[in-house]
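The structure appears right after this line, and notes come after that.
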Amino acid sequence: MEFEVQDNQANNSIQGVINLQPQVNQVQAQQQEIPIKQTDLQVSSTLEESVAVTLLRDLRQIGVKLRCVLVPTMSSNNAKELRNWDLWGPLVFCLMLALTLSLSGNNDDGPGIFATIFVLIWVGSFVVTLNAQLLGGKVSFFQSVCVLGYCVFPINLGALFTLFFSFFYLKMFLVIGCFLWSTYSAVGFMKQLIPEQKRILALYPVILFYLFLSWFALIV
Amino acid sequence: MQNFGSNNDLDEKGNVMTEQPKIKVKFEPKPKQSSCPICTVEYYQQFFDIEQRDVYMRIRCSLLSWKPEFYQCVGKNPDLWGPLWISTTIIFILFAGGNLSRFLLEENKKHFKYEYNYMYVAVFIVYAMAFIIPIILGIIMKYILKSELGVFDIVCMYGYSLSVYMFVLILCIIPYNEAQWFFLMCGLANSTIFLLVNLWDFMKKNKQTALIAIPIISFNVALILSFKFYFFRLIYAVDD
């Protein structure tokens, strides 16, 4: 007896076909090829490689996804790439931003700012994604958190640049540019997933989220 | 999937091999019976069933507060989108605008120290005003004073009553005492009138229900006093 099942993620069910014909022929069973799954081979090979190779591969994947998210083109490759969400990228950018902002301030609020930015990014992404889901958007939860986290990267760049310039209007110009870049990328991803009449309701929280972060980048 | 051959083939033992019967099976997970329906996310989906046109109409109703049209706007569909994001916007304006107002007044710009506490205090005050107080009032009104309005109707109404402060607080960045008081008084009047006008049908029932006006007015007054004396306080240099 063998059966084949598929995970049907659309309506959260499992569909499958059960073959009730019993295995009559022992010989046939022995000759049966057991398909070796691709991932089994991958797992055994990745266990043997060096740490540097593993890290480089992860960094390369982060880089690829970053390029997909920040240079929004409507190719299907982009969409497929984004479906393999990961939370390493968002974590790296969140930590980078929190560290940059907490170390650049000339005050003893450093730990407070670090904690505020960290909590703001994760709770903010969570709430914005939840909002989009409740409005009826067909958005996978972690995929959306992943994209929102990757779109924090321009604000990271903005925060780093403001460390080197002290002229206020230049800083403001840079931070506004980074804010617009972040928002444009995130909005480009999310607006396809929300029905037309509710679009602004889902996108306004995204804008508010990046506005909060950009404001922090500007004032610290 | 193995193919055992077409019909009427014989296997080694001489049995007729028929095409294997296939039964399509669909497993669907049973819907989880939660003991606390209000704790699940699915419960709140009903409060986000609105469109951007509806939100615009509701904010417009709250700004033109003297017309008791809010129930016609809301109908049987109170939403939580408005209260949540209006209060979050107000928190941002308080945090950014409060510090900006102090910065504009500061003579020596290099000595300006940004107060991050504004954010934590703003979060506490605004979310208390937008959620905790209307939930308590709603529970009192529904279960003790027997109103037809549900708890979430009151939360929705309170959330939209705060929408005028989005505009008032931006204007309060102007660092002049009289201007700030003027704008805050306008906001207070608008917000309180909105709440009282829309609860008028409930309040005119009897003396007990009319008493609900007292906590409504006092919480609103406390709110603008906290805005003025914490976020937009103006400290003038003392002239000798």
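Chain identifiers are assigned alphabetically (A, B, ...) following the order of the sequence lines, protein sequences preceding nucleic acid strands; residue numbering begins at 1 within each chain.
The part of A:Leu130 that comes within reach of chain B is its side chain, from C-beta onward, which places non-hydrogen atoms under 4.5 angstrom from that chain. There is no contact between B:Asp54 and chain A, counting heavy-atom distances below 4.5 Å. Of the two parts of B:Leu80, neither the backbone nor the side chain holds a non-hydrogen atom closer than 4.5 Å to a non-hydrogen atom of chain A.
The choice from B:Phe92, B:Phe47, B:Phe95, B:Phe103 that makes the most heavy-atom pairs within less than 4.5 Å of chain A is B:Phe92. With chain B as the partner, the residue from A:Leu208, A:Ile200, A:Leu134 showing the most heavy-atom pairs under 4.5 Å is A:Leu134.
Using modelled atom types, one side-chain atom of A:Ser182 and one backbone atom of A:Cys151 make a donor-acceptor pair closer than 3.5 Å.
Ring to ring, A:Phe212 and A:Tyr210 are not that close: their centroids are 6.0 angstrom or more apart. The six-membered or imidazole ring of A:Trp85 lies near that of A:Phe142, with a centre-to-centre distance under 6.0 Å.
Among pairs with a residue in residues 149-163 of chain A, those fulfilling side chain to side chain donor-acceptor pair (under 3.5 Å) read A:Asp86-A:Tyr150, at least two apart in sequence or across chains. Applying the side chain to side chain donor-acceptor pair (under 3.5 Å) test to every pair with at least one member in residues 88-97 of chain B, sequence neighbours left out, gives these pairs: A:Tyr204-B:Thr89, B:Thr88-B:Tyr127.
Using modelled atom types, one finds a donor on one side chain and an acceptor on the other under 3.5 Å when comparing B:Lys228 with B:Asn177.
Along residues 150-173 of chain B, no residue comes nearer than 4.5 angstrom to chain A, judged on non-hydrogen atoms.
For A:Phe141, the side chain to side chain contact (heavy atoms under 4.5 Å, CB included) criterion is met by A:Phe126, A:Thr129, A:Gln133, A:Val145, not counting sequence neighbours.
In this structure, B:Arg233 is positioned above the aromatic face of B:Tyr230, its NZ or CZ under 6.0 Å from the six-membered ring centre and within 45° of the axis.
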